[in-house]
Amino acid sequence: MKRNSWTDYQKDIADDHYYYARSCIRQNFFPGSEKAFLNILSKDLERDIFDDPLHTSCTGIGYHSDVVPLETIMTVVARQFALMNDAGYENFTSSCITSFGIYTELLATWEEFPETEEKTRENLYKATGREFKKPKNLAHTSDIIFHHREAIAQKAKRKLVNVYTGEPLKVVEHIGCHYAKIFPKSGIGGSEFPYVLAGMVESWGGELVDYSERRHCCGFGFRNYLVQANRGYSISNSHRKLESMAPYKPDFIVCNCPGCSMFLDKWQYTIAEMDGTIYGQNGAGIPVLTYEEMAGLVLGYDPWELGMQMHQVDVEPLLDKMGVEYDPSAKYLGKNGKYMGRPDKAVVNSYSCNDARYFIKR
Amino acid sequence: MKHIIVIGGGVAGMQCAAELAAHNFKVTLLEKDSDMGGKIRGWHKLFPTFTPADEVLSGLRLKLAQAQNITIMTGSKAVEISSTKVALASGKELECDAVVIATGYTLFDARIKEEYGYGIYDNVITSADLEEMFNKGDVRMKDGSTPRRIAILHCVGSRDEKVCQRHCSKVCCVTGVKQAIELKQLYPAADVFNFYMDIRMFGPGYEEMYREAQQTYNVHFVRGRISEVSPNIDKRLQIKAEDTLTGRPLRMGVDMLVLLTGMRANDDNSHFAANSNLRCQPSGFMQPRDSFLHNTESNVEGIFYAGAITAPKNVGEALNDGATAALRVKAWLESKK
Amino acid sequence: MTFFADFCIPFIVGATVMFIIIAAKYISWLRDLPRSDIKLIVKGAVSPRLFTAAWEVVRESLLHCRIFRVNPLLGYMHMSLAFGWFLLIAVGWIETVAYLGLKWVPLQGHVFFKYFAALNDFGTHKPTFDFVMDLLLLVVLSGVTLAWLKRLRSRAMGMKRATKHITFDRIALSALWFIFPLRLLAESVTCAIYGGGGFLTGGIGHLLAEGINADILHTIYEPLWWAYSSALGIFFLTMPFSRYMHIFTEIPLIFLRHFHLKPETKEKSYDNFEVEACSRCGICIDPCQLQAQLGINDVQSVYFLRDRRYNMLQQKIANNCLMCGRCEAICPVGINLNTLRQNSRTSMRNIPNENRYKYLRNLDRSEGDGRVGYFAGCMTLLTPNTLTAMQQIFEAAREDVWWADKSGGVCCGRPLKLSGESDSAQKMIDYNKELFYKHRITTLVTSCPICLRVFREEYKLEGIEVLHHSEYILRLLRQGRLQVGYSAESTFTYHDPCELGRGSGIYDEPRAVIENIGKLLEPAHTRKDALCCGSSLANTAIDDRQQLTIARGVAEELDATAAQTIVTACPLCKKAIARGAKNTVKDLSEIVAANIK
Amino acid sequence: MINFGFSINKPRVIDLNRNNLNKSKEVIKEMPELQACIGCGSCTATCTAGNLTEFNFRKVHTLVRRGEYQGAYEEMNKCMLCGKCRLVCPRGINTRGVVMLIKRKLGDF
């Protein structure tokens with residue numbers, strides 16, 4: 001495939017000194033990922049990144065679920081920027097794709113309709129007494145990893161290669177809708193041929209799967225999931241993606257959006273329970289990774305430290321293929337070394353679960 | 001003897017030059033390429049009669065060859081235009097008494113609609129590529145195999161705000177129907193699908209040809225624009241559209257996708273407009289003095305238009321324009337005496 | 001005295017097999033008749049209808065009077081073959097009796113009497129019989145000659161096209177052609193050797209005896225009788241499977257018809273009599289417009305009946321018929337061609353489905369109030385001029401009208417019935433019927449002959465008089481409730497809609513209405529012979545161009561009358577003719593409304 | 001199987017890779033003029049049954065041509081075969097023939 005068009009969509013990504021905004025979903029469902037990101041930046045890449053305890057949710061979930069009005073979210077975003085100014089940073093980076101989309105959208109709105117920016121400044125001042133400057137650079141955290149992908153490749157402990165066959169691992173990448181579908185120019189490679197994750201996969205030795213539903217939404221869709229009556233619609237979108245990618249027999253899925261990681265992972269279980277379809281090999285689901293986890297594995301992080309035990313689809317088959325050494329007995333030990341319980345065995349995980357001392361009640 | 005410069009050696013320019021020469025003018029025909037013929041050079045057959053494009057072109061060439069007082073300058077690109085002088089890219093300047101601009105149009109670059117994958121996937125081709133294939137007698141997929149299912153997408157770079165081409169390119173619909181018929185003649189077992197937004201069969205014999213394509217050649221017409229193209233596991237192109245007549249999304253794998261690329265205004269137009277006081281339309285095509293009585297004249301005395309410089313036109317219309325512009329030039333020069 | 005020779009075997013075998021098969025067929029058909037039909041037979045058999053039927057048998061099965069009326073030459077051909085042969089048998093039987101007295105003679109003894117008479121001594125020679133028998137043979141032979149001619153040059157016989165036959169027919173036909181020439185030869189040679197015979201056999205025998213060596217005559221003598229017997233045998237063997245089955249079948253058919261049996265919406269045993277009574281004479285081919293104008297030549301009634309008889313009927317043949325009734329009107333056997341075709345379609349397509357048209361429940365889109373109901377019909381909604389004209393007429397006559405379907409109603413059911421989905425059509429019939437009764441109308445007027453026909457034939461609307469608007473308007477005129485202006489200047493021509501004319505027998509009423517308004521000019525084909533407009537709902541096979549071709553043909557004929565206005569009384573005909581006519585085409589109601597005084 | 005209180009919505013997409021187009025091809029072969037439909041909708045607008053139900057002749061035959069047969073027979077059974085559609089069709093399609101053909105191909109005739 002002649003895929004050069006991503007070069008048409010480039011953007012400036014700051015090299016250092018980032019102000020970090022966390023993601024609601026990521027820190028709840030993939031807490032290890034955010035920690036790993038901070039570690040990779042500060043320890044492996046020796047960059048300055050500030051994780052500010054004062055910042056809040058961007059309220060994007062509320063916004064996209066029609067419960068938070070535009071004026072409110074503008075003020076919340078303005079406050080984040082004010083905090084960034086206070087901390088002495090100019091480069092804003094968010095862990096969440098929806099937040100990233102919101103920041104992009106609001107900056108563009110302020111650009112097109114300056115009166116809304118004025119109003120926001122007024123609102124922010126009234127509410128908090130703060131003023132703000134817009135960031136010099138806005139990037140998603142996956143952009144930053146993309147930016148440093150070659151540096152990571154140099155420090156890599158292992159590659160995205162099947163150690164048994166020597167073949168590159170087949171990777172399905174999924175880009176969150178709000179990354180570049182709103183403003184194609186805001187994403188590396190645009191919306192049609194996004195390259196942000198593909199670039200990482202290729203730099204680290206994997207092989208990208210270009211399947212027909214590559215651009216399709218993961219199915220989260222906010223109110224489509226949040227309202228139970230709409231969940232059939234949500235899951236049918238994931239179903240469509242999984243149906244389309246399954247024939248390629250991918251080794252894993254990697255996402256840059258926390259919501260997508262969660263839905264592509266957990267809906268696999270639901271689909272298997274509903275109609276018996278399991279999309280991965282050997283009766284197991286397809287492991288779904290965040291790009292932080294993928295980078296962490298490449299850099300030699302321990303999978304349990306990366307929080308990969310939190311996944312619905314077990315990652316062990318993938319770890320085995322990559323030749324990652326891990327301690328199976330440590331999987332369900334907390335940071336304090338105590339056993340934290342384990343989930344019931346699920347249809348998407350083929351290996352037997354003998355040590356069933358703790359079950360999640362249905 | 002009055003000297004007229006005709007800029008552009010496409011069908012309109014060739015026709016105009018030959019007509020002017022027949023009216024005893026000294027004519028210089030400027031062509032930026034190395035050969036005359038413009039866009040129909042390399043075109044296989046013309047709708048709706050399936051006349052070989054070569055036939056029309058050789059007729060025009062003959063007409064030029066037989067005419068007196070015509071200087072043909074190929075490889076000459078005009079950069080500045082006034083009614084009395086034309087400057088060439090080579091730096092040369094030509095004096096004249098009137099100028100006819102017949103620089104036509106630019107084919108829309110299908111790469112810009114990147115969701116269709118032109119230049120990205122093999123077997124996504126444009127209508128112009130297909131004509132070339134017809135000319136070579138070799139319509140095949142990249143790997144040499146025979147296509148079993150072909151999709152033809154209308155309005156690529158036409159009627160599309162997203163690529164700043166609001167206008168209708170007029171000839172693509174009928175070209176799509178013509179090419180569908182030719183493909184079916186070549187591969188009767190293949191399924192050909194035309195994806196259209198509207199079918200605009202404006203000319204004589206066009207509608208009849210459309211119907212023939214439907215009924216006799218069993219070409220499928222789906223009202224809906226393809227939204228994206230992606231590869232399939234079996235190396236086919238997966239296309240997605242809405243079948244708007246049933247209100248349902250539609251998808252299928254095709255072996256070949258033909259993009260009917262539209263006509264867009266030349267980039268030069270705005271430059272000429274700025275430097276020669278000519279008027280452009282919002283579409284970028286030049287604005288004739290008016291749309292009815294003076295549609296081959298520009299707003300500047302002594303500068304005339306012929307062919308698709310003012311709007312997308314088919315070959316017949318461009319030829320008529322060429323002849324009309326010649327008469328207008330003559331009338332204008334005579335009125336000046 | 002012996003009445004057997006070896007050459008008789010083919011004849012004996014053929015005749016025996018034939019009689020057994022025919023008997024078996026009739027018995028099984030009669031056995032399968034529904035109880036109601038059997039009742040009719042029992043009732044009819046003891047009524048004077050028995051005699052009228054017998055008389056028709058003579059007229060039609062022997063004399064072929066109806067074919068005479070259509071085409072005298074063809075009539076003569078059929079009569080000479082049928083009646084001639086019948087007389088040959090009858091007189092031959094009398095001849096035997098005359099020679100031998102009332103004594104049992106086996107069948108072959110009658111048939112090959114000449115042979116046995118030469119062999120045995122039957123007493124005094126009776127030349128009168130020789131003359132009569134030779135005369136009859138000559139008559140039959142003239143018929144055979146005409147049949148040959150018809151095959152070779154059908155146009156000379158006044159037929160544009162002859163029937164294309166199947167193999168059985170061809171064998172039977174060939175055998176039939178040879179029976180009488182062979183009989184002539186065999187008898188002539190017998191006369192040549194043994195003397196005797198009338199002017200024909202005796203005469204030829206005399207010539208043969210003079211011109212040909214006696215040895216040769218002796219050598220060919222037996223073989224000729226063999227050939228004659230074989231031709232008979234072959235004919236009899238193939239007859240029950242060929243079109244010649246009609247020879248006998250027509251006779252019970254005539255009786256059954258006189259007993260009021262008739263085909264119905266669904267196939268039944270009686271249909272066999274009608275189907276096998278078809279002689280495939282092919283008279284139905286020429287009037288068929290599909291044949292004449294479109295060159296379609298495998299769907300006509302003769303082929304339809306043939307295919308149905310041999311169980312090889314396909315939907316595309318069954319569906320390709322305008323059901324205009326032109327063939328039915330001319331069929332010499334009087335077969336109910338349209339009903340048979342319709343019930344064939346029913347056999348092919350009818351699927352009872354309780355869920356169909358459930359959506360009709362509780363539907364009532366009618367308006368107005370009155371004892372007279374007006375049912376425009378679906379098609380009339382596409383000819384709104386008719387609708388407004390009817391409104392004007394009703395207003396002028398001060399009639400209170402209940403409008404059944406002014407803003408869209410439910411189809412009358414006939415189109416569906418014609419297509420074969422009879423049980424589903426019944427649902428619409430039931431719906432509309434209930435609607436009519438609900439609104440307590442006493443008269444139902446419709447301007448659509450298609451609706452009219454189904455209202456009259458299927459709806460069984462007791463207490464409601466069903467009128468076509470032509471009948472209704474005429475009644476208003478005669479009652480003086482409506483006055484129209486007459487102008488001798490205005491000229492009209494009238495197109496008979498199939499469903500109104502041949503279908504419902506309404507020819508005079510629309511003409512009478514027109515003559516109240518202006519001068520009526522008749523087109524070349526009119527009344528029973530009128531052409532179909534081509535848009536008939538009964539045909540679901542022909543395409544638009546074909547419909548147009550037929551319509552243009554009709555329009556041309558109507559235009560040729562030079563009348564100012566073409567009038568018809570069916571919305572479908574109006575639409576169809578308007579596509580091809582130069583003159584204006586109007587519905588009857590329109591010209592009435594325009595001339596109300 | 002667990003009841004989650006919702007199910008996977010059936011995809012509405014017409015997938016020409018999966019649909020079995022044999023019947024559709026048979027229909028088109030017997031009635032090539034059906035392909036000449038330009039989707040003007042006059043048939044549906046005038047339809048007697050369509051004014052009483054949601055029956056949409058144009059849509060149903062288009063779906064059949066795309067290999068979407070489910071429900072087509074039942075839909076076509078709503079037709080009364082009155083023939084108004086044939087009178088209004090600008091492309092002269094034998095619409096009644098189409099109804100009967102589709103029912104023959106997709107039903108038990």
Side-chain angles (χ1 to χ4, degrees), chain C residues 315-316 319-320 345 348-351 353 355-361 363 365 377-383 405 407-421 424-425 427-428 431 448 450-451 535-548 571-572 574-576 579, chain D residues 26-38 40 42-57 61 71-109:
Chain C
Q315 281 203 33
K316 62 176 184 192
N319 288 343
N320 200 350
R345 292 179 181 179
M348 289 168 152
R349 294 190 68 96
N350 192 41
I351 294 181
N353 181 346
N355 291 324
R356 272 189 91 172
Y357 307 117
K358 267 199 171 153
Y359 60 83
L360 299 182
R361 202 173 292 156
L363 187 76
R365 308 216 293 172
C378 302
M379 292 300 171
T380 308
L381 296 178
L382 290 176
T383 55
D405 58 348
S407 47
V410 170
C411 174
C412 64
R414 183 155 172 85
L416 205 64
K417 191 193 158 193
L418 287 174
S419 79
E421 296 174 38
S424 298
K427 293 194 187 304
M428 287 180 235
Y431 165 82
C448 175
I450 304 163
C451 304
S535 282
S536 164
L537 285 175
N539 193 316
T540 49
I542 57 171
D543 67 24
D544 190 60
R545 272 164 208 232
Q546 292 170 312
Q547 285 193 336
L548 185 59
L572 209 48
K574 183 187 167 190
K575 283 239 159 214
R579 290 178 79 182
Chain D
E26 284 172 28
V27 167
I28 292 169
K29 197 171 175 195
E30 280 195 40
M31 196 79 75
E33 67 198 67
L34 182 56
Q35 280 286 73
C37 172
I38 46 174
C40 72
S42 49
C43 50
T44 308
T46 195
C47 180
T48 304
N51 279 297
L52 304 173
T53 70
E54 301 215 330
F55 172 55
N56 183 327
F57 171 67
H61 81 64
Y73 175 75
E74 289 72 19
E75 279 300 303
M76 285 300 189
N77 258 348
K78 291 181 182 163
C79 165
M80 300 186 184
L81 229 52
C82 73
K84 281 173 81 186
C85 46
R86 187 167 185 180
L87 280 188
V88 297
C89 177
R91 291 240 150 176
I93 296 167
N94 177 359
T95 49
R96 300 174 75 238
V98 170
V99 173
M100 289 174 69
L101 177 64
I102 288 177
K103 291 209 301 188
R104 177 147 60 84
K105 292 288 174 194
L106 301 180
D108 307 324
F109 295 113

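In what follows, chains are A, B, ... by sequence order, proteins preceding strands, each numbered from 1.
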### Message
As an exercise: rank K358(C), Q547(C), K575(C), K316(C) by heavy-atom pairs under 4.5 Å with chain D and give me the winner.
### Response
Q547(C)
### Task
Tell me, out of C412(C), G408(C), S419(C), who's got the most heavy-atom pairs with chain D below 4.5 Å.
S419(C)
### Query
With only heavy atoms counted, which part of L548(C) is less than 4.5 Å from chain D, the side chain, the backbone, both or neither?
neither
### Task
Measure R365(C) against the heavy atoms of chain D and call it side chain, backbone, both or neither at under 4.5 Å.
side chain
#### Entry: Most chain D-contacting option - heavy-atom pairs closer than 4.5 Å, from D405(C), L416(C), L537(C)
L537(C)
### Task
For R96(D), check salt bridge (charged side-chain N to carboxylate O under 4.0 Å, His left out) against everything at least two apart and list the hits.
none
### Message
Let me confirm one number: the CG-CG distance from L87(D) to L381(C), rounded to the nearest 0.5 Å.
### Response
11.5 Å
### Query
Where on T46(D) is there a heavy atom nearer than 4.5 Å to chain C: the side chain, the backbone, both, or neither?
side chain
#### Entry: Distance in Å, N353(C) CG paired with Y73(D) OH, rounded so as to fall on 0.5 Å steps
6.5 Å
### Message
Using modelled atom types and a 3.5 Å cut-off, is there a donor and acceptor pairing between side-chain atoms of D543(C) and backbone atoms of N94(D)?
### Response
no
### Message
Could you measure the distance from the CE atom of M100(D) to the CZ atom of R345(C)? Nearest 0.5 Å is fine.
### Response
6.5 Å
### Summary
Under 4.5 Å to a heavy atom of chain D? For L418(C) that would be neither
#### Entry: NZ-CD distance between K103(D) and E421(C), expressed to the nearest 0.5 angstrom
3.0 Å
### Query
Could you give all pairs that pass the side-chain hydrogen bond (donor to acceptor under 3.5 Å, both in side chains) test and reach residues 48-57 of chain D, with sequence neighbours left out?
T44(D)-N56(D)
#### Entry: Those residues that, when tested against E30(D), pass side chain to side chain donor-acceptor pair (under 3.5 Å) (two or more places apart)
R104(D), K105(D)
### Query
Which residues in residues 79-86 of chain D have a heavy atom less than 4.5 Å from any heavy atom of chain C?
C79(D), M80(D), L81(D), C82(D), G83(D), K84(D), R86(D)
